[in-house]
Amino acid sequence: MASMIFTDCSSSTPSRLLPFTRSPLLRRQADVVLVRRLLTPLNFSCSRRRLTLRSSPSQSPHVSASLATETSATAKVIDGKAVAKQIRDEISAEVMRMKDAIGEVPGLAVIIVGNRKDSATYVRNKRKACESVGINSFEVPLPEDSTEEEVIKFIKAFNDDPSVHGILVQLPLPNHMNEENILNAVNIEKDVDGFHPLNIGHLAMRGREPMFVPCTPKGCIELLHRYGVSIKGKRAVVIGRSNIVGTPASQLLQREDATVTVVHSRTPNPEEITRQADIIIAAVGKPNMVRGSWIKPGAVIIDVGINPVEDAKSPRGYRLVGDVCYDEAKNVASAITPVPGGVGPMTIAMLLSNTLIAAKKVYNFQ
Ligand SMILES: Nc1nc2c(c(=O)[nH]1)N[C@@H](CN(C=O)c1ccc(C(=O)N[C@@H](CCC(=O)O)C(=O)O)cc1)CN2
């Protein structure tokens, strides 16, 4: 993939967007998280033109600590890393309860094809996350030149394996493979990524419930819930219409009774539309695309973009930036997810959540 030049919003210095981006993801239950909420919701109130978040007295120590540093001029940081940790703790307790009660634990199978460094990191992190909560994990690394049939053969074996409750194929797949054929092969009851067309179709329909919802959009909604952001009746703008983030995120927001507009590459005046939003979910894969001037004062921003850009000062030679220009947005929004440490960690937490849900269904374990 060729590198692209873009302008860094904070410095107007030209920077280089590195090839390993998460944008492939961006071209992709109501069962929202599993267990009880540990973070006490925050209260919303309007002061002047600014929508602010207030803590309630019984908040967890973590949230209280972050609120203590909040000033009226700077947006509250929606700490996805901390929330993901809390969710892992909740899942861990549930897995232990399940093991004690019925002697079974959930199992997750991950198939990865090829040698992409970013995919290998995500799969490693998924394995570690499973280990940390007591979920069994199975991994099949396949060479880049594997055939579609070989991948499907492993999927079918996992479909038939009762110790595997969730199956996922790490995306993106090599270009020679037909993603649709592969995702269709996953048994919908084990489709913990929520990418099977039946799950996607049910999500899109009123009165139907998907068995699983894709992890990243589910994580976005979970962050809004855990930070007490009310969605009902709010204007939401989703920037990006990928199958795996933008489209399901817009459907989840609609299911929560938001009035949703999807902004995409052919939308005229995206700034003007975005400026009307109380809630913005940016999932476009373009570093710093959403500027401060696009944001209504007090809006809540969920930034899904994870874009590596060259940075000679960083030990890795690059740093990650979101789709939203954080330095500008934090002065306008009431709350915002950082990159890294915002939506990213929630993706894996929601995968664990979906895997637990899958196993509970199999064993009829409440
Ligand atoms: N089958 C799937 N493939 C892909 C998915 C997916 O949900 N299912 N999503 C992405 C990759 N992804 C999980 O697979 C993922 C991406 C990013 C993160 C994350 O925690 N990011 C960190 C930063 C990490 C870093 O420093 O490099 C953050 O944002 O804080 C987790 C999972 C594409 N493929």
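Both counts, for ligands and for their atoms, begin at 1 and track the order of listing.
- Geometrically, ligand 1 and Tyr122 share no nitrogen or oxygen pair separated by less than 3.5 Å.
- Contacts classified as ring pair (Phe, Tyr, Trp, His ring centres under 6.0 Å) and involving residues 145-169 (residues at least two apart or in different chains) are given here: His165-Tyr363.
- Close approach of ligand 1 to Lys126 is summarised as follows: ligand atoms under 4.0 Å from at least one heavy atom of the residue are 8 (N), 13 (C), 14 (O).
- For the pair Tyr318 and ligand 1, the shortest N or O to N or O distance does not fall below 3.5 Å.
- Note on residues 321-343: no pairs pass ring pair (Phe, Tyr, Trp, His ring centres under 6.0 Å), not counting sequence neighbours.
- Within ligand 1, counting atoms from 1 as listed, the ones closer than 4.0 Å to a heavy atom of Gly344 are 18 (C), 19 (C), 20 (O), 21 (N), 28 (C), 29 (O), 31 (C).
- Of the listed residues (Ile102, Val95, Asp100), just one forms a side-chain contact (heavy atoms from CB on, under 4.5 Å) with Met98, and that residue is Ile102.
- Proximity of a side-chain donor or acceptor of Thr247 to a complementary backbone N or O of Arg241 within less than 3.5 Å is detected.
- With Asp278 contributing its side chain and Ala299 its backbone, the two residues share no donor-acceptor pair below 3.5 Å.
- When each atom of ligand 1 is checked for a heavy atom of Gly341 under 4.0 Å away, the hits are 28 (C), 29 (O), 30 (O).
- Of the polar atoms of Cys215, none of the N or O atoms is found under 3.5 Å from an N or O of ligand 1, judged by distance alone.
- Of all the atoms in ligand 1, the ones that sit under 4.0 Å from a non-hydrogen atom of Leu320 are 23 (C), 25 (C), 26 (O), 27 (O).
- Judged purely by distance below 3.5 Å, without hydrogens or angles, the side chains of Glu271 and Thr274 never pair a donor atom with an acceptor atom.
- Not one N or O on the side chain of Thr216 forms a donor-acceptor pair closer than 3.5 Å with the backbone of Thr347.
- Close approach of ligand 1 to Leu168 is summarised as follows: ligand atoms under 4.0 Å from at least one heavy atom of the residue are 1 (N).
- Using a non-hydrogen distance threshold of 4.0 Å, Ile306 registers as a contact of ligand 1.
- With no hydrogens or angles considered, no side-chain donor-acceptor pair links Asn178 and Glu148 at under 3.5 Å.
- When only interatomic distances are considered, the shortest N/O to N/O separation between Thr216 and ligand 1 does not fall below 3.5 Å.
- On a distance-only criterion, Pro340 and ligand 1 share no N/O pair closer than 3.5 Å.
- Checking Arg316, Arg319, Gln170 against atom 26 (O) of ligand 1, the nearest heavy atom belongs to Arg316.
- Ligand 1 has a nitrogen or oxygen under 3.5 angstrom from a nitrogen or oxygen of Val169.
- Side chains of Asp323 and Asn288: a donor-acceptor N/O pair is absent below 3.5 angstrom, by distance only.
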